[in-house]
Amino acid sequence: DRRDGADLPGAEVATTSALSLYRAAHDATGEGDALTNLASLQAATGRWALALRTGQDAVDAFARAHDDAGRGAALHNLGNLHARMGDLEQAAALHRQARPLLGSRDDRMASDLALADLLTLGGRPADALPLLDAALREARPAERAALLHARWQAERASGQPETSRAAFLA
């Protein structure tokens with residue numbers, strides 16, 4: 001199976017080999033990284049249930065390693081898998097769990113944006129607005145457009161005046 005020129009079966013074989021090596025070395029962080037990659041490959045080939053199990057295994061591996069940033073990233077990725085499967089409530093719950101664990105500011109910003117989108121799509125756009133406002137306060141100029149667009153969508157979905165529209169279009 002090839003997508004965009006990628007050899008997904010070959011990538012899966014290599015990732016599974018790496019996973020075996022990390023497990024043999026008792027390297028739980030490496031195991032978590034390999035499982036995260038494996039879950040993405042499984043999702044890319046439509047094996048959603050397996051991808052969810054593998055994604056949860058990645059969360060568990062990072063927890064064993066006491067790697068909070070890795071666990072946060074794995075929870076974020078697991079949330080994205082649930083969102084792609086249409087389970088927006090579980091996706092939002094996983095993003096909420098991930099947020100305080102994420103190590104970098106950029107990861108936290110991506111998680112906030114994903115959670116805001118999930119809240120808006122899940123019929124709770126008013127809950128997304130304070131999250132987006134907080135993210136906008138610490139956003140870099142390059143990040144503002146995506147956040148303003150998300151805020152505009154949440155405003156529109158909640159029936160509030162679209163105050164972000166003008167800022168987004170400016």
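For the numbers below, each heavy atom of this structure counts, side chains included, while hydrogens, waters and symmetry mates do not.
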Who else is in the cluster with Leu121 when I, L, V, M, F, W and Y are joined by side-chain contacts under 4.5 Å? Leu88, Leu118
Here the pair of heavy atoms bringing Arg108 nearest to Leu102 is NH1-O, 3.2 Å
Does Thr120 reach the main-chain N or O of Ala116 with its side chain, forming a donor-acceptor pair under 3.5 Å? yes
Begin from the C-alpha positions of Asp106 and Met109 and carry the test side chain to side chain contact (heavy atoms under 4.5 Å, CB included) through to its verdict. CA-CA 5 Å; Asp106 290 344; Met109 189 70 66; 5.6 Å; no
Find out if a path of hydrophobic residues (ILVMFWY) with successive side-chain heavy-atom gaps under 4.5 Å connects Leu41 to Leu19. no
Trp152-Leu129 co-clustered via ILVMFWY side chain contacts under 4.5 Å: no
Can you name the closest pair of heavy atoms from Ala74 and Phe62 and give their distance? CB-CD1, 3.8 Å
Begin with the C-alpha distance, continue with both residues' side-chain angles, and end with the deciding distance and a verdict on side chain to side chain contact (heavy atoms under 4.5 Å, CB included) for Leu115 and Arg99. CA-CA 9 Å; Leu115 178 56; Arg99 173 62 163 87; over 6 Å; no
Going from CG on Leu148 to CG on Leu132, what distance comes out if it is rounded to the nearest 0.5 angstrom? 9.0 Å
Pairs where residues 118-134 contributes a residue and the test salt bridge (charged side-chain N to carboxylate O under 4.0 Å, His left out) is met, not counting sequence neighbours: Glu89-Arg124, Arg124-Asp127, Asp133-Arg151
Does Asp33 reach the side chain of Tyr22, with side-chain heavy atoms less than 4.5 Å apart? no
Looking only at heavy atoms, what is the nearest atom pair of Thr15 and Ala34, with distance? CG2-O, 3.3 Å
Can a donor-acceptor pair be found between the side chains of Arg53 and Gln56 at a distance below 3.5 Å? no
Any ion pair linking Glu31 and Arg64 (charged N to carboxylate O, less than 4.0 Å)? yes
About how many Å separate CG of Leu113 and CG of Leu147, when rounded to the nearest 0.5 Å? 5.5 Å
Taking a hydrophobic cluster as the set of Ile, Leu, Val, Met, Phe, Trp and Tyr residues connected by side-chain heavy atoms closer than 4.5 Å, whether directly or through intermediates, do Leu78 and Leu101 fall within one such cluster? yes
Minimum heavy-atom separation for Arg144 to Ala139, with atom names? CG-CB, 4.0 Å
Reported CD-to-OG distance for the pair Glu12 and Ser17, which is rounded to 0.5 angstrom: 10.5 Å
Would you indicate whether the side-chain heavy atoms of Leu52 and Met85 approach each other to under 4.5 Å? yes
Taking every heavy atom of Thr54 against every heavy atom of Leu35, the minimum-distance pair comes out as CG2-O, 3.3 Å
Taking all non-hydrogen atoms of both residues into account, name the closest pair between Ala51 and Ala43 and its distance. CB-N, 3.7 Å
With clusters defined by side-chain heavy atoms of hydrophobic residues (ILVMFWY) lying less than 4.5 Å apart, directly or transitively, does Leu75 cluster with Trp48? yes
Please step through side-chain hydrogen bond (donor to acceptor under 3.5 Å, both in side chains) for the pair Asp112 and His95, ending with a clear verdict. CA-CA 8 Å; Asp112 288 348; His95 279 283; over 6 Å; no
Enter the distance from Thr45:OG1 to Leu8:CG here, rounded to the nearest 0.5 Å. 6.5 Å
Could you work out the complete set of other residues in the hydrophobic cluster of Leu21, with links drawn between I, L, V, M, F, W and Y side chains under 4.5 Å apart? none
